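Note on naming: letters A, B, ... go to the chains in the order of the sequence lines (proteins, then strands), and numbering restarts at 1 for each one. None of these values were measured; they are calculated from a predicted model.
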Number of protein chains: 2
Amino acid sequence: MKNHIKALRQQRELTQQALAKLLGVSRQTVISIESGRFDPSLPLAFKLARVLDAPIEAIFDAEEG
Amino acid sequence: MKNHIKALRQQRELTQQALAKLLGVSRQTVISIESGRFDPSLPLAFKLARVLDAPIEAIFDAEEG
DNA sequence: TGCTGAAGTAAAGTTTGCTTTACATTATGC
DNA sequence: GCATAATGTAAAGCAAACTTTACTTCAGCA
């Protein structure tokens, strides 16, 4: 599932480390989600939406598999 | 994470079995998510939003932990 | 009565999300 | 040159999502 976290994070001038801290996860988790290694859990997706100030549907591409 | 899947499913007159088939998961998964045993993955949450014709934020309560 | 559909619980097992640790690369600045 | 910050990869291990199977309960109906 593709996402625009990297772009949104950079717009907010947040490092991966800073975003990880805001989300309460490790830096590896941020890297892995940004690079598409895996999808975040639903609670984490909601936190991302709150931290990045964007609706979930705007952060993730709902394209089908 | 609380959700309104059961109510939305019943409004659409879908059985758990029918919803599971539409989502491409097992009936157990539908039961477990409806009853709050665990949260769906993000891809599954998107499928739920599509099948139930409601935005993710309307299906799940984003209350903080 | 007994059958069938819908909803529910439980347990074992696989897959995926997440953590922790360690190491590599690139850029900035002393 | 050396240190530090930011990004990235990889691997081992734990936790949560999901599957499969099996069993239970309740309602409706012939």
Side-chain angles (χ1 to χ4, degrees):
Chain A
M1 196 158 207
K2 290 181 181 174
N3 67 72
H4 312 120
I5 295 173
K6 184 170 186 172
L8 291 166
R9 173 175 63 78
Q10 290 174 336
Q11 284 172 22
R12 272 72 175 167
E13 294 187 340
L14 291 169
T15 65
Q16 293 175 332
Q17 184 75 276
L19 177 57
K21 190 171 184 182
L22 287 171
L23 295 172
V25 298
S26 70
R27 185 173 66 94
Q28 269 316 308
T29 296
V30 171
I31 290 174
S32 294
I33 294 171
E34 278 192 359
S35 63
R37 289 168 70 82
F38 53 68
D39 295 318
S41 66
L42 188 59
L44 187 49
F46 268 90
K47 284 185 189 173
L48 274 161
R50 176 169 47 80
V51 168
L52 296 177
D53 194 30
I56 289 182
E57 275 92 348
I59 300 177
F60 300 91
D61 284 340
E63 109 254 353
E64 293 308 307
Chain B
M1 197 159 206
K2 291 180 182 175
N3 66 72
H4 311 120
I5 295 172
K6 184 170 187 172
L8 291 167
R9 173 175 62 79
Q10 291 175 337
Q11 284 173 21
R12 272 72 176 168
E13 294 188 341
L14 290 170
T15 64
Q16 293 174 333
Q17 184 74 277
L19 178 57
K21 190 170 184 182
L22 287 171
L23 295 173
V25 299
S26 69
R27 186 173 66 94
Q28 269 315 309
T29 297
V30 171
I31 291 175
S32 295
I33 294 170
E34 277 192 0
S35 62
R37 289 169 70 82
F38 53 71
D39 295 318
S41 66
L42 189 60
L44 186 50
F46 268 91
K47 285 185 188 174
L48 274 162
R50 176 169 46 80
V51 168
L52 296 177
D53 194 31
I56 288 182
E57 276 92 348
I59 299 178
F60 300 92
D61 284 341
E63 108 256 354
E64 293 308 308

Nearest heavy-atom approach of A:Pro55 to A:Ala49 is C-CB, 4.5 Å
(Q) Taking 4.0 Å as the cut-off, does a side-chain nitrogen or oxygen of B:Arg9 come that near to OP1 or OP2 on C:dA6? (A) no
Problem - B:Gln16 side chain near C:dG8 phosphate (N/O to OP1/OP2, under 4.0 Å) - result: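 Yes, within the criterion.
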Whole-Å gap separating [atom2] ([N]) and [atom1] ([X]):
{"X": "B:Lys21", "N": "D:dT20", "atom1": "NZ", "atom2": "P", "value": "14 Å"}
{"X": "A:Leu19", "N": "C:dC18", "atom1": "CG", "atom2": "C1'", "value": "15 Å"}
{"X": "A:Arg27", "N": "D:dG8", "atom1": "CZ", "atom2": "P", "value": "9 Å"}
{"X": "A:Ile31", "N": "C:dA22", "atom1": "CD1", "atom2": "C1'", "value": "13 Å"}
{"X": "A:Ile33", "N": "D:dT7", "atom1": "CD1", "atom2": "C1'", "value": "16 Å"}
{"X": "A:Arg37", "N": "D:dA11", "atom1": "CZ", "atom2": "C1'", "value": "10 Å"}
{"X": "B:Leu42", "N": "C:dG17", "atom1": "CG", "atom2": "P", "value": "10 Å"}
{"X": "B:Lys47", "N": "D:dA17", "atom1": "NZ", "atom2": "P", "value": "17 Å"}

Kindly point out which of [options] is positioned nearest to the side chain of [X]?
{"X": "B:Lys6", "options": "C:dT19, D:dG8, C:dG8", "value": "C:dG8"}
{"X": "A:Thr15", "options": "D:dA6, D:dC18, C:dC18", "value": "D:dA6"}
{"X": "B:Pro40", "options": "D:dC18, C:dG17, D:dG8", "value": "D:dC18"}

Checklist line | Under-3.5 Å donor-acceptor pair between A:Gln28 side chain and D:dT7 base | finding: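 Absent.
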Modelled atom types, side-chain donor and acceptor of A:Ser26 and A:Thr29, under 3.5 Å | yes
Next on the checklist: For the backbone of B:Ser41 and the side chain of A:Asp39, can you confirm whether one donor and one acceptor N or O come within less than 3.5 Å of each other?
Outcome noted: no
Quick check on A:Gln10: does its CD atom have over 12 non-hydrogen neighbours (other residues, nucleotides or ligands) under 6.0 Å away?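 Yes.
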Enclosure of A:Arg12 CZ (heavy-atom neighbours >12, cutoff 6.0 Å): yes
NA contact type, A:Ser26, heavy-atom cut-off 4.0 Å: base, sugar-phosphate, or nothing? base
Reckon A:Ser41 touches a base, only the sugar-phosphate, or nothing at all at heavy-atom distances under 4.0 Å?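 Sugar-phosphate only.
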